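Heads up, the thing below is written out as structure tokens.
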Amino acid sequence: MLKKITLVTVTAASMLSAAPVFGAHPLITDDTGTQGKGKFQIEVNSEFAWNRTDDGGVNVKEDTGETALALSCGLAENIDLVVGIPFSWYSVRENGLRVADDSGIGDMSLEIKLRIYENKENGLSFAVKPGISVPTGDEQQGFGSGEFSPGITLIATHEGDFGALHANVGYSRNNYKNDDDDAASRDDIWHASIAAEINMTDRLRSVADIGVETCEDVTGNTHPVFLIGGLIYSVSENLDLDIGLKCGLNDAETDSALLVGLASRF
């Protein structure tokens with residue numbers, strides 16, 4: 001693999017270095033649902049992303065991707081332990097010439113989802129999800145931070161006859177072992193998003209998600225905004241397949257990405 005590292009390369013890799021576990025894929029916005037005591041869910045989700053920029057007359061093409069494995073364990077009816085770990089890769093070309101190419105395991109995430117309120121009559125529920133990123137990735141290659149980084153997400157869900165609405169507000173404190181990464185990156189990252197699910201049939205749901213997050217690049221003044229549209233198909237009661245498209249609504253967000261995944265419960 002090529003080992004020439006540029007600022008663009010570091011940026012591309014850092015976007016894939018952590019493994020937060022989100023809601024029903026392809027959604028990024030989480031829901032308040034839990035597995036139930038003694039029950040489990042395994043998710044395998046992949047993202048294939050493409051970004052094009054013109055940096056001082058140099059045409060830069062970034063191809064990045066990630067496959068993440070997540071395991072949710074029901075500790076109680078309203079409490080889940082969630083563990084996730086990603087495998088990421090990237091390739092960068094400048095004016096058609098490949099200048100960087102690498103892959104590796106990212107930082108593992110450990111999270112607890114606690115549903116703190118539920119009213120089944122009106123379908124409203126709230127949850128809180130604290131977590132920590134564990135430095136299992138190689139920070140020298142841009143696949144990890146090299147430090148433990150805590151975070152927390154507040155979650156609201158409203159379920160109805162035709163679908164559901166979800167809203168998230170999250171905060172993470174990103175710590176970096178590498179001095180250059182620390183100097184180039186913001187430590188305090190905020191995230192806000194809303195999502196909708198529509199029950200099209202008994203087995204098929206259409207989903208949409210929109211959100212904004214603090215720009216990690218300390219020199220950036222524009223915060224990335226994304227939009228996701230997709231479908232979730234229930235093959236059976238305990239197996240879901242999904243597909244989605246993610247697009248950036250401003251230059252700070254990656255241009256486009258294909259999202260695919262599956263979730264199996266037992």
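Heavy atoms only: backbone and side chains are in, while hydrogens, waters and symmetry mates are out. Predicted model, so just to flag it, every value in this text is computed and none were measured.
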Practice task
Taking only Lys NZ, Arg NE, NH1 and NH2, and the carboxylate oxygens of Asp or Glu, determine whether Arg173 and Asp187 approach each other closer than 4.0 Å.
Solution key: yes
Practice task
Look at the side-chain heavy atoms of Ile, Leu, Val, Met, Phe, Trp and Tyr, link any pair under 4.5 Å apart, and say whether Leu154 and Ile79 land in one connected group.
Solution key: yes
Handout entry: Audit row: His223, Val225, side-chain contact (heavy atoms from CB on, under 4.5 Å) steps and yes/no
Key = CA-CA 7 Å; His223 302 303; Val225 182; 5.7 Å; no
Problem - Spatial distance of atom OG1 (Thr153) from atom CD (Glu111) [nearest 0.5 Å] - result: 7.0 Å
Problem - Beyond-backbone contact of Val235 with Leu262, side-chain heavy atoms, under 4.5 angstrom - result: no
Handout entry: Atom CD1 of Ile105: over 12 foreign heavy atoms under 6.0 Å
Key = no
Practice task
Provide the full list of ring-ring contact (aromatic ring centres under 6.0 Å, His included) pairs with a residue in residues 159-184, sequence neighbours left out, each pair given once.
Solution key: Tyr171-Trp190
Handout entry: Main-chain N/O of Arg186 paired with Asn174 side-chain donor or acceptor, under 3.5 Å
Key = no
Practice task
Tell me, please, which residues at least two apart from Glu147 pass side chain to side chain donor-acceptor pair (under 3.5 Å).
Solution key: none
Handout entry: Common cluster, Val169/Leu114, ILVMFWY with side-chain heavy-atom separation under 4.5 Å
Key = no
Completion exercise
Value for CG (Asn175) from CG (Asp181), rounded to nearest 0.5 Å, stands at 12.0 Å
Completion exercise
Heavy atoms of Glu66 and Ser88 approach each other most closely as OE1-OG, 3.5 Å
Handout entry: Under 3.5 Å donor-acceptor, Thr201 side chain and Arg203 backbone
Key = yes
Handout entry: Pair Thr29, Asp209: side-chain N/O donor-acceptor within cut-off below 3.5 Å
Key = yes
Handout entry: Glu94 side chain reached by Leu97 side chain, heavy atoms, under 4.5 Å
Key = no
Exercise for the section: Report, as yes or no, whether the 6.0 Å neighbourhood of atom CG on Asp188 holds more than 12 heavy atoms from other residues, nucleotides or ligands. Expected result: yes
Problem - Asp31/Arg115 ion pair, N-O < 4.0 Å - result: no
Fill in the blank from the handout: All heavy atoms of Gly220 vs all of Cys215, minimum pair found to be CA-SG, 4.0 Å
Problem - Phe87 ring center near Phe143 ring center (under 6.0 Å) - result: no
Exercise for the section: Mark yes or no for whether Asn51, through its side chain, and Asp255, through its backbone, hold a donor-acceptor pair below 3.5 Å. Expected result: yes
Handout entry: Within-4.5 Å side-chain heavy-atom neighbours: Val60 and Val92
Key = yes
Exercise for the section: Kindly write out the residues that satisfy ring-ring contact (aromatic ring centres under 6.0 Å, His included) with Phe266, not counting sequence neighbours, or none if the list is empty. Expected result: Phe40
Handout entry: N/O donor-acceptor pair under 3.5 Å between His158 side chain and Asn122 backbone
Key = yes
Practice task
On the 0 to 90° scale, with breaks at 30° and 60°, tag the His191-Phe226 ring pair as parallel, tilted or perpendicular.
Solution key: parallel
Problem - Donor-acceptor contact below 3.5 Å, side chain Asn95 vs main chain Asn59 - result: yes
Handout entry: Residues Lys129, Asp80: salt bridge by 4.0 Å N-O rule
Key = no
Handout entry: Hphob cluster co-occupancy, Ile228 + Ile194, side-chain heavy atoms under 4.5 angstrom
Key = no
Problem - Same apolar cluster: Ile112 and Val128, side chain cutoff 4.5 Å - result: yes
Handout entry: Any donor-acceptor N/O pair, Asn45 side chain to Ala68 backbone, under 3.5 Å
Key = no
Practice task
Report yes or no: do Ser46 and Thr67 form a side-chain donor-acceptor pair below 3.5 Å?
Solution key: yes
Exercise for the section: Check the hydrophobic clustering (I, L, V, M, F, W, Y; side-chain heavy atoms under 4.5 Å; chains of links allowed) and say if Val212 and Leu165 are grouped together. Expected result: no
Problem - Interatomic spacing from CD in Gln41 to CZ in Arg265 - rounded to 0.5 Å - result: 5.5 Å
Problem - Side-chain donor-acceptor pair present, Ser236, Asn238, cut-off under 3.5 Å - result: no
Practice task
Decide yes or no on side-chain contact (heavy atoms from CB on, under 4.5 Å) for Cys73 and Gln35, but give the supporting numbers first.
Solution key: CA-CA 7 Å; Cys73 172; Gln35 301 306 314; over 6 Å; no
Exercise for the section: Look up atom CG in Asp240 and atom CG in Leu204, then write down how far apart they are to the nearest 0.5 Å. Expected result: 11.0 Å
Problem - Nearest heavy atoms of Pro26 and Ile232, plus distance in Å - result: CD-CG1, 4.0 Å
Exercise for the section: Give the C-alpha distance, both sets of side-chain angles, the deciding distance and a yes or no for side-chain contact (heavy atoms from CB on, under 4.5 Å) between Phe148 and Val134. Expected result: CA-CA 5 Å; Phe148 289 89; Val134 181; 3.7 Å; yes
Handout entry: Pair Glu197 + Arg205: basic N to acidic O under 4.0 Å
Key = yes
Practice task
For residues Val218 and Ala183, report the shortest heavy-atom separation together with the two atoms involved.
Solution key: CG1-O, 3.5 Å
Exercise for the section: Evaluate whether atom CG of Asp251 has more than 12 neighbouring non-hydrogen atoms of other residues, nucleotides or ligands under 6.0 angstrom away. Expected result: no
Exercise for the section: Hey, could you give me the CG/CG distance between Leu259 and Leu27, rounded to the nearest 0.5 Å? Expected result: 9.5 Å
Practice task
Specify the closest pair of heavy atoms between Glu121 and Asn119, including all atoms of both residues, with the distance to one decimal.
Solution key: N-OD1, 3.0 Å
Practice task
Mark yes or no for whether Lys177, through its side chain, and Gly144, through its backbone, hold a donor-acceptor pair below 3.5 Å.
Solution key: no
Exercise for the section: Would you tell me whether Ser125 and Thr32 have side-chain atoms, one donor and one acceptor, within less than 3.5 Å of each other? Expected result: yes
Exercise for the section: Indicate the atoms forming the closest heavy-atom contact of Arg98 with Ser91, along with that distance. Expected result: CD-OG, 3.7 Å
Handout entry: Value rounded to 0.5 Å, distance of CD in Glu139 from CG in Asp182
Key = 12.5 Å
Practice task
Using the side-chain contact (heavy atoms from CB on, under 4.5 Å) rule, take Asn168 and Ile28 through it: C-alpha gap first, then chi angles, then the decisive distance, then the call.
Solution key: CA-CA 9 Å; Asn168 289 183; Ile28 287 178; over 6 Å; no
Problem - Under 3.5 Å donor-acceptor, Ser234 side chain and Glu237 backbone - result: no
